[in-house]
Amino acid sequence: KLGQDTRWSLGAYRAVNHNDLQFIASTTTGAGYFDNVGKTRRQGLDFAMNGKVGILSWAAGYSLIDATYRSEFEIASQSNSSRDALHCDGTVAADDVICVRKGNKMAGIAKHQFKLRGQLQATPNWSIGTTGVAFSDQYARGNENNQHVAMTAAQSVAAGGDNNDYAGSGKVKGYAILNLDSRYNFNASGWQLFAKVNNVFDRKYYSGGILGENSFNGTGANLNHFATDAESTKEMFLAPGAPRAAWIGMRYDFGKPKGIAAAANAD
């Protein structure tokens with residue numbers, strides 16, 4: 001405790017998974033499969049504080065997540081600019097692969113995560129609250145080796161690669177959104193009137209991404225990229241976050257059954 005109405009907590013963790021299952025990108029855009037990739041490790045810190053000042057209550061949380069691969073493996077990722085025709089051991093590969101090495105950051109996991117919450121008890125029965133969440137950037141699927149960079153075909157050739165354009169940074173940008181909510185309790189009847197608005201400012205953001213091949217040209221014609229790999233465009237496909245949305249409704253809280261309450265009191 002920090003005073004009568006303020007509390008804090010701090011936790012540290014470290015977990016190692018053996019034979020972890022990961023979604024492996026394939027040579028087909030947006031597709032893949034699950035496979036065992038050896039060991040992965042997730043370690044970090046969780047910090048939280050909450051308190052109350054008069055009719056205002058608040059809470060804040062921060063998470064630091066260091067998620068890394070702890071075993072070497074290789075996958076097919078034809079839209080990764082660092083792809084190579086060699087296996088991790090240096091022998092010739094049947095297809096272009098990327099080599100994921102021990103210490104590479106895991107795809108799809110943001111390193112920093114924040115959450116803020118404030119709630120005003122306007123009347124004994126009516127509360128108004130707001131919640132803000134923020135996430136830092138994350139590596140896209142297909143960039144498990146953390147080596148992809150955007151480059152033109154000329155830059156790719158100069159770097160010893162193929163004659164392909166590679167679009168997208170290989171990372172999904174971080175984002176922050178704000179939500180609002182309100183609730184009114186009709187005394188002890190169990191009925192509640194609620195309303196909420198998510199993504200109040202209609203922020204355009206992306207919750208995930210994957211490196212893939214775009215088989216459409218500017219006119220919308222489908223290119224036969226399966227026959228000629230150079231015809232397709234290597235890009236980063238993004239999963240859009242939910243736009244602004246609002247709800248209003250009624251909820252009934254049945255509360256704790258008398259039998260359970262009696263048993264709890266007896267204990």
Side-chain angles (χ1 to χ4, degrees), residues 11-15 17 20-26 29-32 37 40-48 60-71 73 75-83 98-117 131-152 155-156 159 161 164-179 198-214 233-244:
Y13 63 90
R14 178 184 175 116
N17 288 358
D20 198 358
L21 277 171
Q22 291 290 310
F23 183 76
I24 304 301
S26 77
T29 300
V37 297
T40 59
R41 186 181 70 194
R42 297 163 179 82
Q43 60 185 7
L45 299 171
D46 288 322
F47 176 73
Y62 166 71
S63 293
L64 170 67
I65 305 174
D66 178 38
T68 56
Y69 300 104
R70 309 310 297 174
S71 298
F73 63 97
I75 61 176
S77 182
Q78 293 207 2
S79 297
N80 190 315
S81 62
S82 67
R83 63 178 179 159
I98 61 172
C99 183
V100 184
R101 302 189 184 277
K102 181 179 178 180
N104 285 151
K105 302 295 184 182
M106 294 177 63
I109 299 179
K111 184 175 182 179
H112 303 283
Q113 301 180 11
F114 301 87
K115 184 175 182 179
L116 295 172
R117 169 71 179 172
T131 302
V133 294
F135 297 86
S136 62
D137 57 14
Q138 58 180 275
Y139 284 101
R141 304 284 181 183
N143 192 23
E144 285 82 358
N145 65 343
N146 310 159
Q147 297 298 311
H148 172 83
V149 293
M151 61 176 63
T152 63
Q155 291 172 327
S156 178
N164 274 304
D165 291 317
Y166 293 88
S169 66
K171 277 189 172 183
V172 182
K173 292 182 179 180
Y175 64 91
I177 58 174
L178 184 71
N179 306 321
N198 287 350
N199 195 1
V200 175
F201 299 109
D202 202 21
R203 173 76 182 274
K204 291 180 174 60
Y205 67 96
Y206 303 98
S207 59
I210 184 172
L211 297 176
E213 295 184 273
N214 185 355
T233 303
K234 277 63 176 173
E235 298 180 358
M236 187 167 72
F237 293 78
L238 296 167
R244 179 169 52 221

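Since the model is a prediction, treat every value here as computed from it, not as a measurement.
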Query raised in the report: For the ring pair F135 and Y175, is the centre-to-centre distance below 6.0 Å?
Result: yes
**Report entry** Partners meeting side chain to side chain donor-acceptor pair (under 3.5 Å) with Q113 (sequence neighbours left out)
**Finding:** none
Report summary line: Applying side-chain contact (heavy atoms from CB on, under 4.5 Å) to N199 and not counting sequence neighbours gives I177, D202, R203, Y205
Query raised in the report: With N104, which residues qualify under side-chain contact (heavy atoms from CB on, under 4.5 Å), at least two apart?
Result: Y69, V100, R101, N145, N146
Query raised in the report: Is a side-chain donor-acceptor pair under 3.5 Å present for R83 with S81?
Result: no
Query - ring-ring contact (aromatic ring centres under 6.0 Å, His included) against F47, all qualifying residues, sequence neighbours excluded - result: none
**Report entry** Nearest heavy-atom neighbours spanning A140 and A107
**Finding:** O-CB, 3.6 Å
Query - Within 6.0 angstrom of Y206 OH, more than 12 heavy atoms from elsewhere - result: no
Query raised in the report: In chain order, what residues pass the side chain to side chain donor-acceptor pair (under 3.5 Å) check against R41, with sequence neighbours excluded?
Result: none
Requested in this report: Under the side-chain contact (heavy atoms from CB on, under 4.5 Å) rule, collect the residues that match up with A60, sequence neighbours excluded.
Outcome: L116
Report summary line: Those residues at least two apart in sequence (or on a different chain) that pass side-chain contact (heavy atoms from CB on, under 4.5 Å) with Y13 are D46, I65
Report task. State which residues pass side chain to side chain donor-acceptor pair (under 3.5 Å) with Y139; sequence neighbours excluded, sorted by chain then number. Result -> none
**Report entry** Residues that T131 engages under side chain to side chain donor-acceptor pair (under 3.5 Å), provided they are two or more places apart
**Finding:** R117
Query raised in the report: How long is the gap from CE on M236 to OG on S169, to the nearest 0.5 Å?
Result: 4.5 Å
Requested in this report: Under the salt bridge (Lys or Arg N to Asp or Glu O under 4.0 Å) rule, collect the residues that match up with K105, sequence neighbours excluded.
Outcome: D66
Query raised in the report: Can any side-chain N or O of S79 pair as donor or acceptor with the backbone N or O of K234 at less than 3.5 Å?
Result: no
Report task. Would you please name every residue forming a salt bridge (Lys or Arg N to Asp or Glu O under 4.0 Å) with D165, sequence neighbours left out? Result -> none
Query raised in the report: Is a side-chain N or O of H148 found less than 3.5 angstrom from the main chain of N143, in a donor-acceptor match?
Result: no
